[in-house]
Protein chains: 2
Amino acid sequence: MSKPAKTQYAILGALTVFPMSGYDIKKWIRDVTGPFWAESSGRIYPALKQLMQQKLIVCDATQGRGKRPRKVYKLTARGLALLRKWLILPAHDEVLRNELKLKLFYGKNVAPEIIEQHLARQKERMEKTLVRYQSIMEHIKSHHKNQIDAKYWLLTLHNAIHHCQAELEWLKGAKA
Amino acid sequence: MSKPAKTQYAILGALTVFPMSGYDIKKWIRDVTGPFWAESSGRIYPALKQLMQQKLIVCDATQGRGKRPRKVYKLTARGLALLRKWLILPAHDEVLRNELKLKLFYGKNVAPEIIEQHLARQKERMEKTLVRYQSIMEHIKSHHKNQIDAKYWLLTLHNAIHHCQAELEWLKGAKA
DNA sequence: TCGCACATGTAACGCGTTACATGATTAC
DNA sequence: GTAATCATGTAACGCGTTACATGTGCGA
């Protein structure tokens with residue numbers, strides 16, 4: 001009925017890189033797939049539970065130090081098969097809900113200075129983001145050069161950088 | 001607790017252009033703000049009801065032809081004030097969930113041909129989109145040149161075009 | 001007369017966020 | 001000793017999609 005849940009694929013994908021705990025996955029998604037994918041911990045832990053039940057992942061090792069264990073999850077053959085099945089399907093259109101652009105679109109209803117502030121904030125944010133992306137790129141190039149994932153990581157990172165630069169280009173022209 | 005609803009602002013904004021029916025708003029959002037904002041009719045009609053209750057909009061005229069009326073809504077002073085209040089607030093970060101990029105990121109798990117297909121589909125889609133955007137731009141330039149909204153419409157449309165072109169540029173380089 | 005665009009709505013479902021709860025470990 | 005980070009989870013809430021229901025007007 002509603003949209004199919006994609007959290008599971010973000011998790012299964014992460015586990016193709018190496019086994020991770022829920023916390024690791026959370027950070028991985030935030031720090032690595034951040035430019036194009038987000039998840040909240042309120043989704044990750046329940047999703048892990050479901051994936052366990054479906055035997056798409058297994059709890060590799062409970063590194064119990066004290067009462068609260070650190071659960072490390074590992075992909076199963078079933079899990080990899082499901083991920084592959086999803087990967088080959090055409091991607092759905094991204095649902096766009098860009099608040100900044102909506103505000104700019106109806107900008108005639110506020111003073112021009114307000115719009116300039118919006119644009120200035122965006123410029124600052126994009127400049128910071130671009131620097132971050134470029135440092136991630138350097139990091140991948142120097143630390144993961146021979147990893148088979150690296151090719152695809154750089155592909156998506158290039159995409160993010162292109163869009164970042166496009167936004168900055170647009171902002172340059174936007175003063176007119 | 002959860003995210004504040006932004007559907008109302010998309011509707012209030014649309015009504016700053018001219019009075020519209022629910023159906024008009026639906027089409028307007030799909031066809032005009034489509035590049036950066038989406039709403040489903042399952043949100044629009046309930047939202048209109050709420051906005052009426054809060055006296056942020058009024059039902060201007062019930063153009064009853066037959067049993068099913070065509071209700072035309074109009075912004076009130078209260079509605080415009082609320083919209084303005086929202087417009088001046090800094091925009092929240094866009095929540096990114098780009099399915100295509102997620103699939104590409106974990107591309108090592110499928111055959112390279114699959115990835116090439118994803119990229120080819122994206123190229124085709126972006127080319128079509130770019131043509132559409134450019135024709136919308138021509139339309140605005142020729143039909144709405146002197147409208148005070150047009151400046152802001154072109155601003156956001158330029159943005160969409162820049163990103164479209166950035167995506168195509170990236171796709172060109174992606175074959176390597 | 002058939003299909004499409006116009007037109008308004010409702011209900012089920014579940015996704016996802018936010019906030020909260022709890023506790024361990026490390027570094028200063 | 002205390003703050004930050006590591007670490008795992010739950011519950012409330014409501015947003016948003018999807019599918020459904022219903023009916024009108026017009027053009028081929």
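Every heavy atom of this structure was used, including side-chain atoms; hydrogens, water molecules and symmetry mates were not.
Under 3.5 Å, the side chains of B:Glu169 and A:His162 contain no donor-acceptor pair of N or O atoms. When only modelled atom types and interatomic distance are considered, B:Ser21 and B:Asp24 share a side-chain donor-acceptor pair under 3.5 Å.
Distance A:Gln50 CD to D:dT10 P: 11 Å, rounded to the nearest Å. Atom CD1 in A:Ile44 sits about 12 Å away from atom C1' in C:dT17, given to the nearest Å. One atom, NE2 of A:His92, and another, P of C:dC15, lie 15 Å apart when rounded to the nearest Å. A straight line from OH of B:Tyr9 to P of D:dG16 spans 12 Å, rounded to a whole angstrom. We find that CZ of A:Arg70 is positioned 5 Å from P of D:dA7, with the value rounded to whole Å. In this structure, B:Leu96 places its CG atom 12 Å from P of C:dT17, rounding to the nearest Å. Across the protein-nucleic acid pair, B:Leu51 atom CG and C:dT8 atom P stand 15 Å apart, rounded to whole Å. Taking atom NZ on B:Lys71 and atom P on D:dG23, their separation rounds to 16 Å, with Å as the unit.
Using a 4.0 Å cut-off, no side-chain N or O of A:Lys6 falls inside it from OP1 or OP2 of C:dG16. The side chain of A:Thr7 places no N or O atom within less than 4.0 Å of a non-bridging phosphate oxygen (OP1 or OP2) of C:dC15. At the phosphate of C:dG16, OP1 or OP2 sits under 4.0 Å from a side-chain N or O atom of B:Arg97. Remark: B:Lys49 is not in phosphate contact with C:dT8, judged by side-chain N or O atoms under 4.0 Å from OP1 or OP2.
Residue pairs satisfying the side chain to side chain donor-acceptor pair (under 3.5 Å) criterion with at least one member in residues 47-58 of chain A, sequence neighbours excluded, are absent.
A donor-acceptor contact shorter than 3.5 Å links the side chain of A:Arg84 to the backbone of B:Asn109. Judged by distance alone, with hydrogens and angles left aside, the side-chain atoms of B:Lys103 form a donor-acceptor pair with the main-chain N or O of A:Trp86 at under 3.5 Å. Checking side-chain atoms of B:Lys108 against main-chain N and O of A:Thr16 turns up a donor-acceptor pair under 3.5 Å.
Contacts between residues 12-28 of chain A and DNA chain C, defined by a heavy-atom separation under 4.0 Å, are absent.
Toward the 5′ end of DNA chain C lies the nearest nucleotide of B:Tyr45, the other residue of the pair A:Ala38 and B:Tyr45 mapping further downstream.
Below 30°, between 30° and 60°, or above 60°: for B:Trp153 and B:Trp28 the angle between ring planes is above 60°, a perpendicular geometry.
Taking only side-chain atoms of A:Arg43, from C-beta outward, the nucleotide of D:dG16, C:dG9, C:dC15 with the closest atom is C:dC15.
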